[in-house]
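Numbers for residues simply follow the sequence, beginning at 1.
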Amino acid sequence: MSRGAVNPFMEFDASLKRGVVAPVYLFYGQETYLRDLALARLKEHFEQGGQAGLDVDLIEGEATDPSEVAARAETLPFFAARRLVVVKNPSFFKASKRREETGEGEGPKPSGRETPLLQYIKDPSPSTCLVFSTGENVDKRKRLFQAIKKYGREMEFVYLSPGDLSRWVTKRAGQGGRRFAPGAVNALLNAAGPSLQALSLEIEKLIHYTAGRDAITTEEVHLLCPPRVEENIFAVVDAVGNRRCREALAGIKDMLAAKEPPLKILSMIARQFRILLMVRDLNERGCPAREIPERLKIHPFAAQKAAAQSRNFSKPLLTGALAALSELDVGVKTGKMEFYPAMETFLLTLSGRRKSG
């Protein structure tokens, strides 16, 4: 979230306190923790409103037809004043595969099965609050999305900015009677990533481990919070860029020992080199640093680290690395190469080119 942007959760929470509730909501985005918290706050709002109870209906959207959702939303509450109908993971907001990959294609036309739900959204039941919640990408051109935007409220929950993440984990630790020693916050963010759900779990572990003490140290973060695969991949590529091939190979061995699938490791290393090439290209074309995360659909924290890492590689070297990884991928999948020996050769070759480049 960029500086000055309105936090959608804070905006939503403030509207509830003013008594403003939409008849239909669409909560979407990667930040699961805030999406779930928004739903919990909505439920609390109804339960604390002096109403004669709340009838909650949970629907698994992947296996439910839109017309069935409309029918259940129209159902009157049973021995309660209000109904809260929650549709989790609805499939009918998803973009088509072609649209996700290319961003192209004409606006989708609603299918006949969506018509009852569209009609409901335009004229919702006054006793029902209908909520859709999904972590998938949604197609904002779809009629259902546009209807909710017009007659209800759509809210995207994205990962917080690096600064907001630092403040959030500091506040969360403070609620547990702890503070972070210098460097420990960054160590935690590197290990757990931007997900508040993952960060919350790691902070709970650290609070229990440091019982009777005031500060959480960097060493304790490293001890209790194993790095994500993404962070291990970043460390491997960083080691190559800084001519530490032995360290890079050790990182590959550690991931294999942790039972990470070889093809997953290979895919993520290729992805990191692809990000570095795109970051370098955007920088050379004069793209402002603040726009890079949005263009590449990555978190600002990851974009900052990639920008620094990309300076260790020339564009030809990055292009050659991607071509070599593509050949390695085919070789491993067809059984012509064994993963670790092939990766060892790739890293040694790349490191040698890096030294002479």
Side-chain angles (χ1 to χ4, degrees), residues 1-10 13-14 29-38 40-41 44 157-239 241-242 244 247-248 250-251 253-255 257-260 268 272 289-290 293 298-309 312:
M1 186 170 56
S2 61
R3 185 178 295 275
V6 178
N7 183 317
F9 175 79
M10 298 298 292
D13 201 37
Q30 294 174 301
E31 186 41 79
T32 305
Y33 183 93
L34 289 180
R35 280 194 291 112
D36 289 346
L37 187 57
R41 290 289 173 84
E44 288 173 8
F157 293 91
V158 298
Y159 291 139
L160 300 183
S161 68
D164 286 337
L165 281 172
S166 295
R167 286 185 284 273
W168 188 88
V169 298
T170 299
K171 181 180 178 180
R172 187 62 180 265
Q175 291 170 345
R178 303 289 186 277
R179 63 178 177 82
F180 284 103
V185 169
N186 282 338
L188 177 60
L189 294 177
N190 284 335
S195 166
L196 295 185
Q197 195 167 59
L199 286 166
S200 180
L201 292 172
E202 297 301 340
I203 291 170
E204 288 299 316
K205 284 197 303 185
L206 289 163
I207 288 173
H208 287 299
Y209 184 80
T210 57
R213 286 184 282 125
D214 175 50
I216 297 171
T217 66
T218 302
E219 291 73 21
E220 287 163 339
V221 172
H222 289 319
L223 177 65
L224 293 183
C225 308
R228 300 169 296 145
V229 179
E230 291 90 339
E231 188 61 25
N232 284 329
I233 295 295
F234 183 90
V236 167
V237 176
D238 197 52
N242 287 288
R244 300 192 303 269
E247 184 179 322
K253 286 182 178 178
D254 287 344
M255 284 187 279
K259 307 299 183 185
E260 290 295 342
M268 295 189 72
Q272 183 63 17
R290 65 180 179 276
I298 59 177
H299 190 265
F301 192 63
Q304 288 176 9
K305 294 171 70 176
Q309 192 177 71
N312 292 328

Inset, instruction - Report yes if the side chains of Cys225 and Leu188 come closer than 4.5 Å at any heavy-atom pair, otherwise no. - result: yes
Legend entry - Gln272 side chain near Val236 side chain, heavy-atom distance below 4.5 Å: no
Legend entry - Non-neighbouring partners of Phe157 that pass ring pair (Phe, Tyr, Trp, His ring centres under 6.0 Å), sequence neighbours left out: Phe27
Legend entry - Presence of salt bridge, Arg172 and Glu202, under 4.0 angstrom: no
Inset, instruction - Identify the two heavy atoms, one from Lys305 and one from Asn190, that lie closest to each other, and give their separation to 0.1 Å. - result: NZ-OD1, 3.3 Å
Inset, instruction - Check whether any side-chain N or O of Glu231 sits under 3.5 Å from a backbone N or O of Arg228 as a donor-acceptor pair, and report yes or no. - result: no
Inset, instruction - For residues Ala192 and Ala198, report the shortest heavy-atom separation together with the two atoms involved. - result: O-CB, 4.0 Å
Legend entry - Side chain to side chain, Val221 and Val185, heavy atoms closer than 4.5 Å: no
Legend entry - Qualifying ring pair (Phe, Tyr, Trp, His ring centres under 6.0 Å) pairs, either residue in residues 167-202, two or more places apart: Tyr33-Trp168
Inset, instruction - Grab the two heavy atoms, one from Glu31 and one from Val158, that are nearest each other, plus how far apart they are. - result: CB-O, 3.6 Å
Inset, instruction - Quick one: pull up CG in Asn312 and CG in Asp238 and give me the separation to the nearest 0.5 Å. - result: 6.5 Å
Legend entry - Nearest non-hydrogen partners of Ala187 and His222, listed with the distance: CB-CE1, 4.0 Å
